[in-house]
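Here's the structure we're looking at; comments come further down.
Just so you know, residue 1 is the first one in the sequence shown, and it goes up from there. All ligand and atom numbering here is 1-based and tracks the order in the structure.
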Amino acid sequence: MRLDIFSLFPEAFDWLQTQRPVQNALKEGNELRLFNYRDSTPLTGRQVDDAPYGGGAGMVLRVDVIDASLQAAYGEGVRPRIVLLTPTGRLLDDELADELVSERHVALLCGRYEGFDERVHEHFADDEVSIGRYVLAGGEMPAMVVADVVMRKLPGALGHERSAVEESFSQVLEGMPEYPHYTRPAQYRGWSVPDVLVSGDHERVRLWRMEQSRARAEQFEKNPE
Ligand code: ADE
């Protein structure tokens, strides 16, 4: 897939691009491209925002600036699925991540300041996504969260021996949280690893893990926070 990220701070994504799952996904032929609204703004002095009509605090990202950045990136060609990061959008979960990863091409648009002119929401966005009901200073961290969850789902992103298929909330686990993991030492301060995990009996291990996931799911339903 191709993932484009539009932001005023594309350098914020430098770290993301050093991460192994992202590098693996890119090696598999996927793409991650960054765009700076300032590089294509039609305004002088690389201006991208303006004071809100009607008054009030803060600045608003201009609709003509967003239009120009999409035009510069895509021209009259086929547009990707355009996703705005906003605190009031659809809450990100594993299902939404699966939906995005099934797209050929997705663009994430990061807001800053007071957000986007309303006409951006109305005329350019296919979706609005939130990572939680709180307001961050901008959409960069939310976009990084979306990029992380989506890219690690791409085939080969976690290396060939691992996959995101059997992770918490995945379809394989029937949407349940993942079972607990243990590693060496088998004994530590009297805290021991469950016997079944060192039994070498793969079927018993599988059943135990499903059971654990189920118990966690019940716990989770009682107290989802
Ligand atoms: N932009 C600011 N806050 C946000 C949030 N919680 N989710 C997505 N985008 C945002």
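When each of Ile82, Leu70, Val63, Asp67 is checked for a side-chain contact (heavy atoms from CB on, under 4.5 Å) with Val120, only Val63 meets the rule. Looking at Leu154, Val146, Val106 one by one, the single match for side-chain contact (heavy atoms from CB on, under 4.5 Å) with Leu3 turns out to be Val106.
Ring pair Phe116/His121 is perpendicular by interplanar angle, where above 60° counts as perpendicular and below 30° as parallel.
A centroid separation of 6.0 Å or more is found between the aromatic rings of Phe6 and Phe124.
Side-chain N or O atoms of Asn30 include one that pairs as donor or acceptor with a backbone N or O of Met1 at under 3.5 Å.
Remark: distances from the non-hydrogen atoms of Gly132 to ligand 1 include one below 4.0 Å. For the ligand labelled ligand 1, residue Gly138 lies inside the 4.0 Å heavy-atom shell.
For atom 3 (N) of ligand 1, the closest heavy atom belonging to the protein is Leu136 N, 3.0 Å. For atom 6 (N) of ligand 1, the closest heavy atom belonging to the protein is Tyr134 O, 2.8 Å. Here the heavy atom of the protein found nearest to atom 7 (N) of ligand 1 is Ile131 N, 3.1 Å.
Selection from Leu92, Leu84, Thr86 by nearest heavy atom to atom 9 (N) of ligand 1 gives Thr86.
Placement of Leu43 and Ile66 within a single hydrophobic cluster is found when ILVMFWY residues are connected by side-chain heavy-atom separations under 4.5 Å, directly or transitively.
Distances below 4.0 Å separate heavy atoms of Val129 from the following atoms of ligand 1: 8 (C).
Residue Pro142 touches ligand 1 through its side chain alone, judged by heavy-atom distances below 4.0 Å.
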